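Written out below as structure tokens is the structure these notes cover.
This one's a predicted model, so the numbers in the text were calculated from it and none came from an experiment. Computed over heavy atoms, backbone and side chain alike; hydrogens, waters and symmetry mates excluded.
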Amino acid sequence: MVAYLIRRIFQMVIVLFFVALATYLLLSLTATNIMPGGESQRKITAQEVALIRAKYELDFYFPFRFSRWLTGLPDGPITIGGRSLFQDVPVGCYMVRAQPPSCDQYLYLKDIPQYHPAIKSSKGIIRGDFGLSGGISKGRPAWEVIKSRLRPTLELSILSLIFSL
């Protein structure tokens, strides 16, 4: 029985990882296709595109962005015993809109703390940092909004279960 439970938990973790990966991939694809101009009523400038790319860290390579979104790490070079490791590892590049797209300047692991100082990196969704709410409670942490609505949701679920019997 214990072996069955361990196997099921392991399978659940794998499924959750792939669901998170697919979700992030879809969101990332929509965010990376932002271009200046466009067919919308409001034209977006190249400077606004650069701010969006910096805010959502779209200049980083996909695996690096995904690991920061999921775990909040790495947030800079790894320091062990006063020695910085992997600081010269390229983790992204400033993309230039050219055909074919080319990398104008590489971003290295040592550049992460200075990448965009006004934007605080998240702690990762595994640690419960879901970002800020953009809807009804705009600007509040999303986890606070979820917690405030969790109890009424559970109460309604229990009541509907009771009355359906």
Side-chain angles (χ1 to χ4, degrees), residues 1-76 78 91-95 97 101 107 109 112-165:
M1 181 69 174
V2 172
Y4 172 76
L5 288 175
I6 291 172
R7 189 172 58 245
R8 293 297 290 175
I9 289 171
F10 182 70
Q11 290 172 349
M12 181 182 66
V13 168
I14 291 173
V15 168
L16 284 174
F17 174 78
F18 282 110
V19 167
L21 182 65
T23 302
Y24 188 78
L25 179 65
L26 289 173
L27 291 173
S28 182
L29 284 174
T30 58
T32 54
N33 289 326
I34 298 171
M35 296 183 72
E39 299 294 324
S40 65
Q41 291 180 357
R42 181 181 174 275
K43 302 287 185 204
I44 188 167
T45 66
Q47 184 180 11
E48 290 172 327
V49 170
L51 287 173
I52 291 169
R53 291 186 68 80
K55 180 178 180 182
Y56 295 107
E57 299 180 342
L58 297 176
D59 290 326
F60 294 133
Y61 295 135
F62 181 80
F64 186 76
R65 271 194 328 239
F66 178 69
S67 73
R68 284 176 57 89
W69 174 77
L70 190 64
T71 64
L73 298 171
D75 56 358
I78 299 167
V91 293
C93 67
Y94 296 108
M95 293 300 292
R97 294 281 177 192
L107 290 167
L109 202 53
I112 293 175
Q114 299 89 18
Y115 175 62
H116 199 291
I119 298 169
K120 181 180 162 256
S121 179
S122 79
K123 297 177 196 166
I125 60 167
I126 287 179
R127 298 182 193 174
D129 186 358
F130 297 109
L132 298 177
S133 174
I136 297 171
S137 301
K138 193 170 189 167
R140 280 182 58 199
W143 180 243
E144 288 182 15
V145 177
I146 292 169
K147 283 193 315 189
S148 70
R149 289 163 172 77
L150 195 58
R151 183 174 177 197
T153 302
L154 290 174
E155 289 173 354
L156 285 172
S157 298
I158 292 169
L159 285 174
S160 67
L161 181 65
I162 290 171
F163 287 116
S164 68
L165 295 176

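- Contact annotation: the side chain of Trp69 approaches that of Ile125 to within less than 4.5 Å [non-hydrogen atoms, C-beta and beyond].
- A donor-acceptor pair under 3.5 Å links the side-chain atoms of Ser160 to the main chain of Ser157, judged by distance alone.
- Taking the six-membered ring where the residue is Trp, Phe60 and Phe64 present perpendicular rings, their angle passing 60° and hence far from 30°.
- Within the model, atoms OG1 of Thr71 and CD1 of Ile126 stand 6.5 Å from one another, a figure rounded to the nearest 0.5 Å.
- To the nearest 0.5 Å, atom OG of residue Ser133 and atom CD1 of residue Ile146 are 9.0 Å apart.
- Side-chain contact between Leu109 and Pro74: present, with at least one pair of heavy atoms (C-beta onward) separated by less than 4.5 Å.
- Rounded to the nearest 0.5 Å, atoms OG1 (Thr23) and CZ (Phe66) are 9.0 Å apart.
- Val145 and Arg149 make their closest contact through CG1-NH1, 3.1 Å (heavy atoms, listed as atom of the first residue, atom of the second, distance).
- Nearest heavy atoms, Ser148 versus Pro152: O-CD, 3.8 Å.
- For Arg65 against Glu57, the heavy-atom pair with the smallest separation is CD-O, 2.8 Å.
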Check: residues 3-21 side-chain donor-acceptor pairs under 3.5 Å, at least two apart:
| from | atom 1 | to | atom 2 | distance (Å) |
| --- | --- | --- | --- | --- |
| Arg8 | NH1 | Gln11 | OE1 | 3.3 |

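- Closest of all the heavy-atom pairs between Leu161 and Ser164 is O-OG, 2.9 Å.
- In this structure, Arg127 has no salt bridge (Lys or Arg N to Asp or Glu O under 4.0 Å) partners at least two apart in sequence or on a different chain.
- Residues Leu132 and Gly139 come closest through the heavy atom pair CD2-O, 3.5 Å.
- Between Leu25 and Phe62, the closest side-chain pair of non-hydrogen atoms falls below 4.5 Å.
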